[in-house]
Amino acid sequence: RRGTRGYHSSMHGPPRIGDDPRARGETPLIGPDEPPAFEVINAEGKAPLLLVCDHASNRIPDALGGLGLQPEALRLHIAYDIGAADLTRRLAARLDAPAVLACYSRLVIDCNRQPGDPQSILEVSDGVVIPGNLNLSAADQEARADACFWPYHHAIEHLFARLRRRGPEPLLFSVHTFTPTFGGEDRFWDAGVLWNRDPRMAVPLIAMLRKIDGLAIGDNQPYAGTDL
């Protein structure tokens, strides 16, 4: 369950990936020739592990006109976690684990924040103004959640429930990357493990990674899982 990361299944009922048109990306915001809100890879993976990648893509729905940004801005970390999608795919293949990747930019709506959170749809990101996000109405914000946020999270719930039914109890592992400098401050970590209440996977993983010479591994750094 992803309650600390903006995931509450009860708000929209049980997932119906095959029946709900929003789950297939069929909304006014996402055109019929555009990718759906999420991508599932290796759905039949045997590992009791679900990989998710909230910030996999820098794509903007055509209907939003690039959010008024120049193309080079969409190649920056403000639009997506650079390299995270490729890393997720490689982990899914190596571990034989299923994975769910979000197909639209965090600038459309952040799939790692609850809809309505002040950081869900940013008007300014790392000093860059996002013109298409200024002064959005509640209806505009809800349309983005219906198009991108909820289908992605419904897909995660669907796959995680299937893994639980199959057994043993699965793990949920979210893949992100971070820029070496943010807000004028340097980050010296090579990788970070973010976690909150349950140490069973995080603490052994940190210990294992810290045995690798030359790597600086953050424990709830550069972000803290307890903050989400």
Reported CD-to-OG distance for the pair Gln141 and Ser120, which is rounded to 0.5 angstrom: 7.0 Å
Do you know the tightest heavy-atom contact between Ala73 and Ile78? O-CG1, 3.8 Å
Under a plain distance cut-off of 3.5 Å, with no hydrogens placed, do Tyr104 and Asn58 share a side-chain donor-acceptor pair? no
Establish whether Leu51 and Leu87 are linked, either directly or via other cluster members, by ILVMFWY side-chain heavy-atom contacts under 4.5 Å. yes
Distance-only donor-acceptor hits, side chain of residues 29-42, under 3.5 Å, sequence neighbours excluded:
from, atom 1, to, atom 2, distance (Å)
Glu34, OE1, Gly31, N, 2.7
Glu34, OE2, Asp62, N, 2.8
Glu39, OE1, Arg89, NH2, 2.8
Glu39, OE2, Arg89, NH1, 3.1
Asn42, ND2, Ala92, O, 3.4
Asn42, ND2, Asp96, OD1, 3.2
Asn42, ND2, Ala97, O, 3.0

List for me each residue that meets side-chain hydrogen bond (donor to acceptor under 3.5 Å, both in side chains) alongside Asn133, sequence neighbours excluded, and say none if there are none. Arg144
If you apply the rule side chain to side chain contact (heavy atoms under 4.5 Å, CB included), what do you find for Asp126 with Val128, and how did you get there? CA-CA 6 Å; Asp126 201 16; Val128 178; 5.5 Å; no
When you measure from the side chain of Ser57 to the backbone N and O of Ser105, does any donor-acceptor pair fall under 3.5 Å? no
How close do Pro98 and Leu163 get, heavy atom to heavy atom, and via which atoms? CG-CD1, 4.0 Å
Does a side-chain heavy-atom distance below 4.5 Å link Val108 with Ile60? yes
Measure across Val100 and Leu50 and return the closest heavy-atom pair with its distance rounded to 0.1 Å. CG2-CD1, 4.2 Å
Smallest heavy-atom separation, Ala85 atom then Cys53 atom, equals N-SG, 4.0 Å
Any chance you could lay out the side chain to side chain contact (heavy atoms under 4.5 Å, CB included) test for Ile130 and Ile121, step after step, and finish with the verdict? CA-CA 10 Å; Ile130 316 301; Ile121 302 176; over 6 Å; no
Cluster link Tyr80 to Leu107, ILVMFWY, side chain under 4.5 Å: no
Ignoring hydrogens and angles, tell me if any N or O in the side chain of Arg166 forms a donor-acceptor pair with the backbone of Ala161 under 3.5 Å. no
Pair listing, salt bridge (charged side-chain N to carboxylate O under 4.0 Å, His left out) test, anchored in residues 208-226, at least two apart: none
Grouping I, L, V, M, F, W and Y whenever their side-chain heavy atoms are under 4.5 Å apart, do Leu91 and Met208 come out in a common cluster? yes
Can you check whether Asp140's main-chain N or O pairs, donor with acceptor, with Ser137's side chain at less than 3.5 Å? yes
Kindly write out the residues that satisfy side-chain hydrogen bond (donor to acceptor under 3.5 Å, both in side chains) with Glu169, not counting sequence neighbours, or none if the list is empty. Arg164
Taking it one step at a time, do Tyr152 and Val52 satisfy side chain to side chain contact (heavy atoms under 4.5 Å, CB included)? CA-CA 10 Å; Tyr152 170 69; Val52 299; 3.7 Å; yes
For the pair Arg162 and Glu44, find out whether any cationic side-chain nitrogen is under 4.0 Å from an anionic carboxylate oxygen. yes
Measure across Pro115 and Trp150 and return the closest heavy-atom pair with its distance rounded to 0.1 Å. CG-CZ2, 4.2 Å
How far does CG of Leu209 sit from CG of Asp190, to the nearest 0.5 angstrom? 10.5 Å
Using every non-hydrogen atom in the two residues, find where Pro131 and Leu69 come nearest and quote the distance to one decimal. CD-CD2, 3.9 Å
If you measure from CG on Asp86 to CG on Asp81, what distance do you get to the nearest 0.5 Å? 13.0 Å
Do Phe160 and Leu171 land in one hydrophobic cluster if side-chain heavy atoms of ILVMFWY residues count as linked below 4.5 Å? no
Distance from Glu142 atom CD to Leu136 atom CG, nearest 0.5 Å? 11.5 Å
Side-chain heavy atoms of Val193 within contact of Asn220, under 4.5 Å: no
Pairwise ring-ring contact (aromatic ring centres under 6.0 Å, His included) hits with a residue in residues 49-71, at least two apart: His55-His176
All side-chain hydrogen bond (donor to acceptor under 3.5 Å, both in side chains) counterparts of Asn135, not counting sequence neighbours: none
Non-hydrogen side-chain atoms of Ile109 and Cys148 separated by less than 4.5 Å: yes
Please round to the nearest 0.5 Å and tell me the distance separating atom CD1 of Ile217 and atom CD1 of Ile212. 6.5 Å
Supply the atom-to-atom distance Leu159 CG to His154 NE2, rounded to the nearest 0.5 angstrom. 13.0 Å
Is it possible for you to say whether Met201 and Trp195 belong to one hydrophobic cluster, with membership spreading through side-chain heavy-atom contacts below 4.5 Å? yes
